[in-house]
Amino acid sequence: MTATRYWRSVRLWTVLGLLLWFGVTFGVSWWAPVLDAWRIGSMPAGYWWATQGAIGVYLLIIVVHGRAMDRLERRESARAPAP
Amino acid sequence: MRDPVGPTPEETRLFTRTLNRRYGLYTLGVLVFVGLLSALEQAGWPRSWIGGTFLIATVAVYAAIGLMSRTTDESEYYVAGRRVPAIYNGMATAADWMSAASFIGTAGVLYLQGFAGLAYILGWTGGYCLVALLLAPYLRRLGYFTIPEFLGARYGGTWPRLVGVAAVTVVSFVYVVVQIYGVGLITSHLTGFSFEIGIFVGLGGVLVCSFLGGMRAVTWTQVAQYIILIIAYLTPVVWLSLNQTGSAFPLFSYGQQLAHVSLREQMLQDDPAELAVIRQLEVRAADARYKLQDVRQAMADDVETLSAQARALQAAEAPPSRIQQIERRLLTRPQTEEEARRAYQRDYEQATQRARPLGGLPPQAQPVVAGDPRGDAQQRRDYEQGRRNFLALVLCLMLGTAAMPHVLTRYYTTPSVSEARRSVSWSLFFIALLYLAAPALAVMVKYEVFTNLVGLPFDQLPGWIRRWSKLDPSLVSVEDINGDGLLQLAELHLGGDVIVLAAPEIGGLPLVVTYLVAAGGLAAALSTADGLLLTISNALSHDLYFRFINPQAPAMRRVMLSKFLVLVVALGAAFLASMRFADILQFVSAAFSLAAAAFFPALVLGIFWQRANRVGAVLGMLTGLGVCVVYMVTNHEVLRRMFGITRALEDCRWWGIDPVASGVFGVVAGAAVLVLASLLTPRPGPEQQAVIAKMRDPLSGRGGSGVY
């Protein structure tokens, strides 16, 4: 069944995206004091991740996930041409 | 059956080109308008004229777009004809999303709370990952008009949809009252009208728009409002950065300002004049606490001290203004015991609050302020609790973002599922422009205050301090506490709402920028109010009236009813806002918790878990809401007083989480009940299975290729 295979890939990509999302969110919220041991530019790293880095990763997750979904959908529609 | 198939990709491309041209011209027009006003300011136009012109011109533009987009067509009214291209839906969502609280409040919170305020930045951006991965594409694939309609189709029966309508109404209504409050605040700042008149002037702009053209008018106005609000927000940030660091890219240059601020914080902490002020404040706090022990006696003592002071001044032939000051204090003193008790309590709280280092502002870049991971048991516990609350608030705001009905409805308006996904990326991009700038603005304003303002003699303070403290002393106030004639940080009080609105004046920018910023805040509040009003009235007319009361009603009648409801809800919200509840802004976060608890489990499990059924969904939503409300009532200061909760606060806390983040408990409880109840009752029926199959069909909702 193509539909179920499609859905399996969708689930896989979604779980991967969510894992990355949670990793970044938790990492920044929980370990910011630890991250501050490093510096990015002239900012403490924890502060940089919370104000800029995390937002960049969130945007990246959405864009990459969207691309992957588009590709999956194109593949499925090529397999089952429109009536 | 409605046709969820939108226009073809070719049509969308052509439409996007038309829109690019129109909004390009519009943006140019905005810039010319601002330039013109700044020339008029040079030519000596009075303040109030510039403010009034900004107010009238922007509201007139929004109303004109609303008028041009008026419609009675059902699909146009509910989902803007599903023709909105990804990038423009992104802008509209950004304006829909960013409320008065985002525009005015975020930088203020960052100024006042430092790192702790970043929970809002993280939460309000990261939530879009959940929208993109879990919700928007699937909602668009089914192609309904409202969120309760989705719940009704996925779970079947009456109850899921009814509970959905109730939850949409409660969540959005709480939120819209706050927006209208913001409209009133900004309009009165722009024009000098009273707050109540401000509310109704602003409301006119909202109504013309959503009343005449529904989602279609709201969409195109929101795009226009986004353009104004982002220009308004970024102008002072870039300008301040140019003034302070010489770079036009604050994102890369404010790191050095942060370093300066941190250095200055250390210096101010040990400054002898600051310490002297703190000691004075501690004396005041002790004094107020002493008075609170016997209010009646303290009132009599106050009268005596003040009269003695007045007599002494008269005897010494002091300047009449000082004597008048004492006499005024004597006249305005609290008359009843209850009033006096409240006044002493307020004195006590203010003095304790400000007697802390740096006037109560935590160090800007320090992640967890309370406690110490290497200290004793109590300090370790405080530290743990600090970061646990930060994480809980971040997650709660994210889940709430992903469940706000007025934002989710926006993704119904795109031409296809793929465009819906792309549109979430654009939304986050446009939202991030503001949220990346907010911490920079907070840091640069703090730099300005710490280095240029603190230490000035009182008779040389800049004009904005006097003007704002006259407008509202709870926003700005200064007082020479240690009597040295110089301003110490602990002698200056800045409210959170003033940071953005007064940033241009604090940085010494022209007056036009001040009013541009106010117009941007107005755009943010109006656009969110528009989206919310429409969501409430659509739920009531489409889901309640059409589905349950009069299913035979023709489309035209439904649209008319929806318009009428917009009017009623708007007036109700304006009435509530005009009562000016003191703690109104605290209810913004309440709206997020409620939305998360009510909708998140039912929506996400409905899409990803086939076994979720009607009983589970209804019980899950009610449990989520219930847990959330109970936690707020038992833990929130204001609500505890309102409901007379006497149980000790420590016994009501779960894992020490603040009531702001009560949504996390609501979501977990709601999801658990949903799963359990679904497993104990039969599987969803064939109709619901068909809905699930359609949601998972990659070929449905692809846009205008006619495949359906």
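Chain identifiers are assigned alphabetically (A, B, ...) following the order of the sequence lines, protein sequences preceding nucleic acid strands; residue numbering begins at 1 within each chain.
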Max heavy-atom pair count under 4.5 Å with chain B, selected residue of A/Trp30, A/Phe22, A/Trp21
A/Trp30

Please identify each residue that fulfils side chain to side chain contact (heavy atoms under 4.5 Å, CB included) with A/Ala68, with sequence neighbours left out.
A/Trp13

Should we count CZ of B/Phe252 as having more than 12 external heavy atoms under 6.0 Å?
no

Side chain from CB out, backbone as N, CA, C, O: work out which of these in A/Pro44 comes under 4.5 Å of a heavy atom of chain B, or both, or neither.
side chain

Would you say B/Arg611 has more than 12 foreign heavy atoms packed within less than 6.0 Å of its CZ?
yes

With rounding to the nearest 0.5 Å, note down the distance linking CH2 in A/Trp7 to CD in B/Gln610.
9.0 Å

Contact class of B/Leu133 relative to chain A, heavy atoms under 4.5 angstrom
both

Under the side chain to side chain contact (heavy atoms under 4.5 Å, CB included) test, which residues partner A/Leu19, sequence neighbours left out?
A/Val15

Identify, with sequence neighbours excluded, every residue that meets ring-ring contact (aromatic ring centres under 6.0 Å, His included) alongside B/Tyr254.
none

Hey, what do you get for CG (A/Leu59) to OG1 (B/Thr125), rounding to the nearest 0.5 Å?
10.0 Å

When heavy-atom pairs shorter than 4.5 Å are enumerated against chain A, which of B/Leu251, B/Leu134, B/Val394 gives the highest number?
B/Leu251

To the nearest 0.5 Å, what is the distance between SG on B/Cys129 and CD1 on A/Ile62?
4.5 Å

State, to 0.1 Å, how close A/Ser42 and B/Gly255 come at their nearest heavy-atom pair, and which atoms those are.
OG-C, 3.1 Å

Under 4.5 Å from a heavy atom of chain A, the part of B/Leu122 involved:
both

Ranked by heavy-atom pairs below 4.5 Å to chain A, first place among B/Leu258, B/Leu118, B/Leu391, B/Val131 goes to B/Leu391

Is the number of heavy atoms from other residues, nucleotides or ligands within 6.0 Å of CZ (B/Phe249) greater than 12?
no

Select one option (side chain, backbone, both, neither) describing which atoms of A/Leu72 are under 4.5 Å from chain B's heavy atoms.
neither

Atom pair CZ (B/Phe115) and OG1 (A/Thr51), whose distance is rounded to the nearest 0.5 Å:
8.0 Å

Strictly less than 4.5 Å between heavy atoms, which residues of residues 431-441 of chain B line up against chain A? Please order them by number.
B/Ala432, B/Leu436, B/Pro439

Heavy-atom distance under 4.5 Å to chain A: side chain of B/Leu110, backbone, both or neither?
neither

Under a 4.5 Å heavy-atom cut-off, does chain B meet the side chain of A/Val24, its backbone, both or neither?
neither

Honestly, the part of B/Tyr128 sitting under 4.5 Å from a heavy atom of chain A is both

Can you tell which of A/Met69, A/Arg74, A/Arg39, A/Arg11 has the highest number of heavy-atom pairs within less than 4.5 Å of chain B?
A/Met69

Comparing B/Ile121, B/Leu130, B/Val424 against chain A, the one with the most heavy-atom pairs below 4.5 Å turns out to be B/Leu130

